[in-house]
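Below is one structure, written out as structure tokens; the observations come after it.
Each residue takes its place number in the sequence, starting with 1. As a basis for the values below, the full set of heavy atoms in this structure was taken, side chains included, without hydrogen atoms, waters or symmetry mates.
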Amino acid sequence: MTSSSKTKKKNPLQHLIAGGCAGFVESSICHPLDTIKTRMQLRRQAAVMENTAQRILQTSLVEPALRLQHSLVDPIMNRAAVTATTATANATANAANGLLYQQSHVHEPRLRMDPSVMTATTSTTTVQSPPPRGVVRASLGPFGTAQRIIQREGFVALYKGLSAVYTGIIPKMAIRFVSFEYYKELLNTTHQQPPSSGIVFVAGLCSGLTEAILVVTPAEVCKIRMQSQMHSLVDVPVPKKKYTNVFSTAVTVVREEGIGALYKGVIPTMLRQGCNQAVNFTAYQYFKKKVLQNQQSQQLSPWQSLVLGGISGGMGPLVNNPLDVVKTRLQKQVVIPGKAPKYTGLFQACTVIAKEEGVLALWKGITPRLLRIMPGQAITFMTYEAVNAFVVRHGFFA
């Protein structure tokens, strides 16, 4: 029985079917979380923009004598009246007009503005500019990001890039499980059953590196380009979509930037996938062995595979999230000929991001990533085990 099971596990078609089904189910359910994670990683830190706006406001409040002198050239009342009238007549005034409205309403002790024109006090001036139409007020967390995407682009926008995921999911899962079994058998020279944790770790590491080179990197470049072409967090509509599906995206990227552009971020992708699969397979196999020994059985129930897959899937992201952030930035940026790119490599990108946005920026998107990966791995292992058991039970590869 052991020999028969071992022979069946070596069949690549069995891993292809089980892995393909697992990947299809997992991506269909969890892809919106991946879109939210990508949008959060691509945005700049909100505090940086707020500090910039505050500095602009502070520098605009000059000394009273200088303001009085300026009022002789450019009367404040006229500027206030024009701005207030424009804001009243046109509710779609942009943020720049709102800033000019604040700058123009500086208080002068001897200049009393007409109450019908504006509201002011003799000590301070407080202006509440209405937000331009189309601006979605929401927090910048996972749920706020999802709200912005849905309100500005529609619910279907959460599934942007799904075609790229579907296109790569079957070969990705096939390569992952087939290569894992191959490397595990290759390293297990003593034919120990089950293999040691060290063998499983190295086999998982090699399988992650293999899938990153052959499938994951090109597919994710196309997916991220599709997901990021309309950025809801910036509130700037894009008139026409440049990337429509995975095939046209790949053709456009190759035509404009060369074939090498499909492998942007391949090093951090390899490190991320290798680390993920090494930890993932090692943890799952270890927990699985302990559970089977404890209950003295030979197969996990579906709910046990679900729980163990989720736990093992959450360990890797906590360690390698900076690699995922750098990978996303590298894959998103468009290289213009003759112009040096902002991010040139793994360590350089980490340094730039930490310097400009803070060290914690390297863990941007960790919450939606955990929400994405943990249930994703849970569904993957549960589906894989279920389909694999179904194939073995019906003797399709006997």
Between S28 and Y166, do the side chains contain an N or O donor and an N or O acceptor separated by less than 3.5 Å?
yes
Would you mind reporting whether I379 and C30 have side-chain heavy atoms less than 4.5 Å apart?
yes
Kindly work out whether a path of hydrophobic side-chain contacts (I/L/V/M/F/W/Y, heavy atoms less than 4.5 Å apart) joins V253 to V266.
yes
Do L262 and T217 have side chains that get closer than 4.5 Å, going by heavy atoms?
no
Taking every heavy atom of E26 against every heavy atom of G376, the minimum-distance pair comes out as CG-O, 3.1 Å
Geometric class of the F390/H394 ring pair [parallel <30°, tilted 30-60°, perpendicular >60°]:
tilted
Can you get from L330 to L209 by hopping between Ile, Leu, Val, Met, Phe, Trp and Tyr side chains that sit under 4.5 Å apart?
yes
Hey, what do you get for OG1 (T328) to NZ (K364), rounding to the nearest 0.5 Å?
11.5 Å
Any donor-acceptor N/O pair, T35 side chain to L158 backbone, under 3.5 Å
yes
Holding to ring-ring contact (aromatic ring centres under 6.0 Å, His included), I want the full list of residues that pass it with F180, two or more places apart in sequence or in another chain.
F281
Kindly say whether K342 contributes a backbone atom to a donor-acceptor pair with the side chain of Q348 at under 3.5 angstrom?
yes
Could you grab the distance from atom CG of L306 to atom CD1 of I311, nearest 0.5 Å is fine?
10.0 Å
Between F381 and N280, does a side chain to side chain contact (heavy atoms under 4.5 Å, CB included) hold up when you go through it step by step?
CA-CA 10 Å; F381 275 106; N280 197 15; 3.6 Å; yes
Check step by step if side chain to side chain contact (heavy atoms under 4.5 Å, CB included) holds for K160 and R39.
CA-CA 11 Å; K160 279 184 177 179; R39 294 292 183 89; 3.8 Å; yes
How close do K223 and H31 get, counting heavy atoms only, and between which atoms?
CD-CE1, 4.2 Å
Please give me the minimum heavy-atom distance between A157 and I149, naming the atom from each residue.
CB-CG2, 3.8 Å
Within one Ile-Leu-Val-Met-Phe-Trp-Tyr cluster: V254 and V216, side-chain cutoff 4.5 Å
no
Can T252 and Y243 be said to form a side chain to side chain contact (heavy atoms under 4.5 Å, CB included), step by step?
CA-CA 8 Å; T252 301; Y243 309 113; 3.9 Å; yes
Check whether any side-chain heavy atom of E385 sits under 4.5 Å from a side-chain heavy atom of P302, and report yes or no.
no
Among L187, N188, V202, find the residue that satisfies the side-chain contact (heavy atoms from CB on, under 4.5 Å) test when tested with P195.
N188
Does a salt bridge link R329 with E357, judged by any charged N lying under 4.0 Å from a carboxylate O?
yes
Do Q293 and K289 have side-chain heavy atoms sitting under 4.5 Å apart?
yes
Pairwise side-chain contact, Q14 with E181, heavy-atom cut-off 4.5 Å (strictly under)
no
Side chains of Y343 and I353, heavy atoms from C-beta outward: is any pair under 4.5 Å?
yes
Spacing of CD belonging to Q277 relative to SG belonging to C206, to within rounding of 0.5 Å:
12.0 Å
Cluster overlap V325 with L323, hydrophobic side-chain contacts below 4.5 Å
yes
Ignoring hydrogens and geometry, is there a side-chain-to-backbone donor-acceptor pair from Y284 to G313 under 3.5 Å?
no
Using 0.5 Å steps for rounding, measure from the OG atom of S312 to the CD1 atom of I373.
11.0 Å
Side chains of K172 and E211: does their closest heavy-atom pair fall under 4.5 Å?
yes
Determine, step by step, whether F247 and V251 satisfy the side chain to side chain contact (heavy atoms under 4.5 Å, CB included) criterion, reporting the C-alpha distance in whole Å, the side-chain angles of both residues, the deciding distance to 0.1 Å, and the verdict.
CA-CA 6 Å; F247 298 107; V251 171; 5.6 Å; no
Any side-chain heavy-atom pair of M382 and V25 under 4.5 Å
no
Please work out which of the three classes, parallel, tilted or perpendicular, describes the rings of Y384 and F177, given edges at 30° and 60°.
parallel
Minimum heavy-atom separation for N320 and R272, please, with both atom names.
ND2-O, 3.5 Å
Quick check against the 3.5 Å criterion: does T351 have a side-chain atom that pairs as donor or acceptor with the backbone of F347?
yes
Look up atom CD1 in I150 and atom CZ in R148, then write down how far apart they are to the nearest 0.5 Å.
13.5 Å
Restricting to non-hydrogen atoms, name the atom on L205 and the atom on C275 that form the minimum distance, rounded to 0.1 Å.
CD1-N, 4.3 Å
hydrophobic_cluster_shared for L186 and L214, side chain cutoff 4.5 Å
no
Considering the options E257, Q333, E220, which one meets the side-chain hydrogen bond (donor to acceptor under 3.5 Å, both in side chains) requirement together with K264?
E257
May I ask you to decide if T380's main-chain N or O and T383's side chain share a donor-acceptor pair within less than 3.5 Å?
no
If every non-hydrogen atom of W363 is compared with every non-hydrogen atom of L318, which pair is closest and at what distance?
NE1-O, 3.5 Å
State the CG-NZ distance between L300 and K288, to the nearest 0.5 angstrom.
5.5 Å
